[in-house]
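In the text below, chain A, chain B and the rest are named by the order of the sequence lines, each starting its count at 1. If you're wondering where the values come from, they're calculated on a predicted model, not measured in any experiment.
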Amino acid sequence: MEYRPQEVEKKWSRRWAESRAYEVRPDSGKPKYYALDMFPYPSGSGLHVGHWRGYTISDVWSRYKTLQGYEVLHPMGWDAFGLPAENAAIKLGIHPAVSTARNVANFKRQLQEIGAMYDWSREINTSDPAFYKWTQFFFVKMFERGLAYRKKMPINWCPSCKTGLANEEVVDGCCERCGTEVTKRVMDQWMLKITAYADRLTDDLDKLDWPDKVKRMQRNWIGRSRGARIFFLVAGHADARIEVFTTRPDTLYGATYMVLAPEHPLVDQITTEAQRDAVDAYVKETLKKSAVARQVVDKTKTGVFTGAYAEHPLTGQQIPIWIADYVLMEYGTGAIMAVPAHDERDFEFAQAFGLPIVQVVAPETNGAGDSGQGRESGSGGFDGSVDASGWTTAVESGSAEAAAGTAAAVTGLYTGPGRLINSGPYDGLTVEEGKRAIVAALAERGIGEETVTYRMRDWVFARQRYWGEPIPIIYCDQCGTVPVPVEDLPVRLPDVERYEPTGTGESPLAAIDSFVHTTCPKCGGPARRETDTMPQWAGSSWYFLRYPDPHNDREPFSREAANEWLPVDMYIGGVEHAVLHLLYARFFTKVIHDLGMIDFDEPFQHLFNQGMMTLNGAKMSKSKGNVVNPDDIIATAGTDALRMYELFVGPPEEDAEWNDNGLEGVSRFLGRLYRFFDQHVEHPAPSRPELVKLRHRFVAQLTERMESFRLNTAVSAFMEYLNALQGVAGNGIDRESLETLAVTLAPFAPHLGEELWERLGHTESVFTAEWPSYDEQWLRDDEVEVAVQVNGRIRARLTISADATQESAIAAAKSNPDVAPWLEGKTVVKEIFVPGRLVNLVVRD
RNA sequence: GCCGGGGUGGCGGAAUCGGCAGACGCAGCAGACUUAAAAUCUGCCGGGGGUAUCCCCGUACGGGUUCGAGUCCCGUCCUCGGCACCA
């Protein structure tokens, strides 16, 4: 009988649906396993085979876990708020809810084609008021805890999307979504205080079973940096104190000038009249530059002297204060002490403006430096001499007029470890000792302290857009900013006539009087609603908590259900969410934990990022026109073949190039397997050791490849096994071998697995069966082939007893006729025996 | 610039504990079946030389460690990803 995948697949998908086979049975008494896909944004273009890859991997894994005896929660839903639906609405006038519903229906149909064991009774949709009610609930909770706050600040603004963006959404100075260059705009914005969780977000990465790459990206993003805050007084301004952040307090004696960010609030106050015009012009110029121009294009150092001097906190020396755009207002304190001898950027700046460079760290040469006279010029990276008298020149040359080249000290740049020099009482200390000693001294005098700074900023949690969760806040003239009471949630998204953001940067909701005008929940007086909506990342920051209890209308989820199923055991999705979604979801989880609603504080125990599917070397995308449509593949090769090919194509974590021929190979394999089964299933042979051995080895190899997630090689294990079975099929195949094949195949090709299982006479689903185990005793061989090397080169192969001793193996090797000529006239000086693998004879003339 | 991943046959990839490089599949070649083709089955399939079953070379490139290196170390080149004046 020929294998007709379409018939088999239709039959089983119908049966699964009729028997509601994949609805989770929370009372099954089995151990729980939560396998989750990153839920999709239901776009208009539908799924291509690249999307299939992650879903296939997670489904194979879910079914594997089912066979291992777990009660598996494998749900699916829709991240349904978002700009594309809204942009389509603007263009075509179709309500986003309508187009979203249509896209969801199409996505759902396509996802069902995968033959996955999704429990559709738990389907969720972030744009459903029954869901976003709880997204708003969490916002209110955050507001109550001071984690959501409103702030007037310059935010990233996308002129094309006409909306604010979080830092995470700005890539190379451009909007992550549309690529338009981002500008700054000062606006009142709702912010979430994710920085309050910066330490926990960094530290808790340690306990997660995630790819190092993603952990590294998150750590980078959070950018925790330990250092010191140091205060500098400004000469002649008793009330002005400049605070700097530095990771190198040990180099304090090498600070020869200071730099403020052009936007720094003290700039105006301390600038001297003589310098005012130059400073004003520079500040104006800087503000005009876009983020791109300032950060990416050109790193040539520019800056202007303010005319003011700061007092060195330890030496009392006066050092000039400059402004320059290489110092960013957003990071640290917006001001630095410049140590050109030991910081690359300061070095460039000092060179450009002829500022003095004073060496205060000398590289250490073997054991030297204890004397405190660390003057020996070590070789490594130290390309200049030390001018011990640098301090005098420091002050004198510190004017704006100082021409390049007049600075006295000609010294190099050195950023490595070493010992302190030119640092008064601290000479001779190592860099690390110096940091501690100098910070301690500053702290004692109240002019500095140890501190930690982060690169990460608070999260701009508002969009001036329509298609999102309304921020549940009411402004009352009497009571101020009041959250909408939980019992009044959800704040529903009203219908609007037009979806365009307003020219003023307000959301379209601002134009709807019936929405804006409301009464204050506190005093009952007239009040206005917030008209901004939440960013697309809001719903996805907690949706995984909803699946265990998706229909709960009294709370976002029951504590018991959440604690029972979460953390997610296996979370599968693309690496593009490494910082955005995954960081936000971790943050929300920690907040919800702190609210006392759950017992865990990390949402995803194990994360797996599948690689992209490429066609002609490029990521598949509808806009590029290089997509392979799964519907076409299914119509010819069938779902099971496509699933297997998605795995076979390459290591699951690596990108893979689509190849029709590869699919063909897998398709042929399934046909071969089916015919083989068909041939033997009616009249199985009695068992025999040969078959038992093959079976145990197959199960061992397959299980090992599953456990190490080498799913591409798991598929080849099937091919190897079938090849081996066909080699011995002349004497018939036993039932046990066929059963093993059917069960193990089922996670990969579930329809065929069920069909074969049924042909074996079973009336229950193959997924009620158990993943087979294997016995070590069948993995051992009585005899093994070992390679015989002479001086590391293979000269013969030898079959010996598996438990042969070193002596007997070497004796056998030496007497082998193929080996003997290589030993003739030589002396064997060393004999190596690796049991089961090889013998190596080392000879000399 | 900094951090990280990766360079293996004509192709996708195996070998991740330092121990027989090229599993498995694709493509190709030869053969069987067929009136013929498709499908299916069998054999060969890194390069060079002998062409007999043997020898030499070979995992980006150059060195090194080791009895033995795709695997470890140093350097170089290429490539992909992240961050990018983060003090």
When we call it a touch if two heavy atoms are under 4.0 Å apart, what does A:D346 touch: a base, just sugar-phosphate, or nothing?
-> nothing
Does the ring center of A:F349 lie less than 6.0 Å from the ring center of A:Y257?
-> yes
Measure from NZ or CZ of A:R643 to the centre of the six-membered ring of A:W52 and say whether it is under 6.0 Å with the direction within 45° of the ring axis.
-> no
Describe the nucleic acid contact of A:F648 in one word from base, sugar-phosphate, nothing, applying a heavy-atom distance below 4.0 Å.
-> base
When you check the phosphate oxygens OP1 and OP2 of B:C11, does a side-chain N or O of A:N659 lie under 4.0 Å from one of them?
-> no
When the P atoms of B:A32 and B:A38 are considered, how many whole Å apart are they?
-> 14 Å
May I ask you to evaluate whether A:R668 reaches the phosphate of B:A39, defined as a side-chain N or O under 4.0 Å from OP1 or OP2?
-> no
B:G4 pairs with, by Watson-Crick or G-U criteria that keep both distances under 3.5 Å = B:C80
With rounding to whole Å, what would you report as the distance between B:A39 and B:C29 at their P atoms?
-> 14 Å
A:F833 side chain reached by A:T805 side chain, heavy atoms, under 4.5 Å | no
At under 4.0 Å between heavy atoms, what does A:W658 touch on the DNA or RNA strands: base, sugar-phosphate, or nothing?
-> nothing
Regarding B:G58, purine or pyrimidine glycosidic angle vs 90° from 0 gives anti
Could you list the protein-to-nucleotides 79-82 of chain B atom pairs, N/O on both sides, closer than 3.5 Å?
residue	atom	partner	partner atom	Å
B:G81	O2'	A:K213	NZ	3.4

Can A:F669 and A:F648 be said to form a ring pair (Phe, Tyr, Trp, His ring centres under 6.0 Å), step by step?
-> CA-CA 12 Å; A:F669 163 73; A:F648 189 62; 8.7 Å; no
Look at the side chain of A:S667 and the backbone N and O of A:A641, then say whether any donor-acceptor pair between them is shorter than 3.5 Å.
-> no
Contact class for A:V649 (heavy atom, under 4.0 Å): base, sugar-phosphate, or nothing?
-> sugar-phosphate
Would you kindly check if the NZ (Lys) or CZ (Arg) of A:K301 is within the cone defined by 45 degrees around the ring axis of A:Y326 and under 6.0 Å from the six-membered ring centre?
-> yes
Under 4.0 Å between any heavy atoms, over every strand shown, what does A:E785 touch: base, sugar-phosphate, or nothing? Just pick one.
-> base
Select base, sugar-phosphate, or nothing to describe what A:I794 touches, counting heavy atoms under 4.0 Å on all strands.
-> sugar-phosphate
For B:U59 versus B:U8, give the span between their P atoms, rounded off to a whole number of Å.
-> 11 Å
Tell me whether the OP1 or OP2 atom of B:A23 has a side-chain N or O from A:T713 closer than 4.0 Å.
-> no
Does OP1 or OP2 of B:A84 have a side-chain N or O of A:R455 closer than 4.0 Å?
-> yes
Pick base, sugar-phosphate or nothing for A:R457, based on heavy-atom distances below 4.0 Å to the nucleic acid.
-> nothing
Contact class for A:D212 vs. all strands (heavy atom < 4.0 Å): base, sugar-phosphate, or nothing?
-> nothing
Nearest-Å distance once atom P is located in both B:C72 and B:G7 = 11 Å
Polar atom pairs (N or O), protein with nucleotides 63-69 of chain B, under 3.5 Å:
residue	atom	partner	partner atom	Å
B:C67	OP1	A:K830	NZ	3.3
B:C67	O2'	A:N840	ND2	3.3
B:C67	O2	A:N840	ND2	2.5

Beyond-backbone contact of A:L841 with A:R795, side-chain heavy atoms, under 4.5 angstrom = no
Is there a donor-acceptor pair closer than 3.5 Å between any side-chain N or O of A:H342 and the backbone N or O of A:G254?
-> no
